[in-house]
Amino acid sequence: DGGITQSPKYLFRKEGQNVTLSCEQNLNHDAMYWYRQDPGQGLRLIYYSQIVNDFQKGDIAEGYSVSREKKESFPLTVTSAQKNPTAFYLCASTPGAAPAYEQYFGPGTRLTVT
Amino acid sequence: GQQVMQIPQYQHVQEGEDFTTYCNSSTTLSNIQWYKQRPGGHPVFLIQLVKSGEVKKQKRLTFQFGEAKKNSSLHITATQTTDVGTYFCAGNYGGSQGNLIFGKGTKLSVKP
């Protein structure tokens, strides 16, 4: 059964702690993306990776870091430098690197930082 | 930066009424995609429009891409309760390194 998995579904952290969100895909897709969604807002791009061992900043990369050591995995770390980390985080992938491909989304992780 | 404006932000309709959401860009788009996100769920791809003036239909859903490739619309005929959710457009400004720019979405509620 192909798809994207994100874990955990809900995550709670204390302010000042780093936290890593998992994203795994078995679709053999080249490109992977991380988005942040806030209530009433669209999806804002945090980071994306078009190939293993390479990634680029999106519109709101400050306070986040990523790695792409394997094609199927693209974890996102929310660092203590992110001023407002509470949000719904969505991981996506596309078959190729160009934005003309449809994006396949994972179920998301809802992060709450208090 | 580039922006895709989407209106309205919310739409409440009676079941059976029609619904339309609109997206506008100040600059020409290479293509535009539409997604649906059910409450508590994740966005799911609906369709992509590429050609100027393109119109595509999926059952009760009609998607249009403007002649100038700067605007797009999604129209749902005779809404049903299963249509509830948030509809997003996402514009691509072209180039192999480009990324999708999402509108803020239109949240549709349908009263039975």
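Chain letters run A, B, ... following the sequence lines, proteins first, then strands; residues in each count from 1. Every value quoted in this text rests on a predicted model; they were computed, and no experiment measured them.
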Is there a path of hydrophobic side-chain contacts, each under 4.5 Å between heavy atoms, that joins [X] and [Y]?
| X | Y | result |
| --- | --- | --- |
| B:F19 | B:W34 | yes |
| A:I60 | B:V4 | no |
| B:I101 | B:Y87 | yes |
| A:L76 | A:V52 | no |
| A:Y101 | A:M32 | no |

Pull out the residues in residues 103-112 of chain B that come under 4.5 Å of chain A, heavy atom to heavy atom, sorted by number.
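Listed by number: B:G103, B:K104.
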
Heavy-atom contacts under 4.5 Å, residues 61-69 of chain B to chain A
none

With a cut-off of 6.0 Å (strictly less than), are more than 12 heavy atoms of other residues, nucleotides or ligands near [atom1] of [X]?
| X | atom1 | answer |
| --- | --- | --- |
| A:Q17 | CD | yes |
| B:Q14 | CD | yes |
| B:R60 | CZ | yes |
| B:Y22 | OH | no |
| B:Q3 | CD | no |

Report yes if the distance between the aromatic ring centroids of B:F45 and A:F105 is under 6.0 Å, otherwise no.
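Not close enough - the centres of the two rings lie 6.0 Å or further apart.
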
Would you mind reporting whether A:Q103 and B:Y35 have side-chain heavy atoms less than 4.5 Å apart?
yes

Would you say the side chain of A:Q37 lies within less than 4.5 Å of the side chain of B:F88, judging by non-hydrogen atoms?
yes

Contacts under 3.5 angstrom, residues 8-16 of chain A side chains, donor-acceptor by atom type, not counting sequence neighbours:
none

Return the set of residues passing side-chain hydrogen bond (donor to acceptor under 3.5 Å, both in side chains) with A:D59 (not counting sequence neighbours), or none when no residue passes.
none

A:F88 versus chain B, heavy atoms under 4.5 Å apart: side chain, backbone, both or neither?
side chain

Tell me, for A:L43 versus chain B, whether the close heavy atoms (under 4.5 Å) come from the side chain, the backbone, both or neither.
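A:L43 touches chain B through backbone and side-chain heavy atoms alike.
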
In Å and rounded to the nearest 0.5 Å, what is the CG to OH distance from B:L100 to A:Y35?
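These two atoms lie 5.0 Å from each other.
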
Here the gap from A:E102 atom CD to B:Q33 atom CD, rounded to the nearest 0.5 Å, amounts to 7.5 Å

Contact origin within B:Q37 toward chain A - heavy atom pairs under 4.5 Å:
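For B:Q37, the side chain is the part near chain A, not the backbone.
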
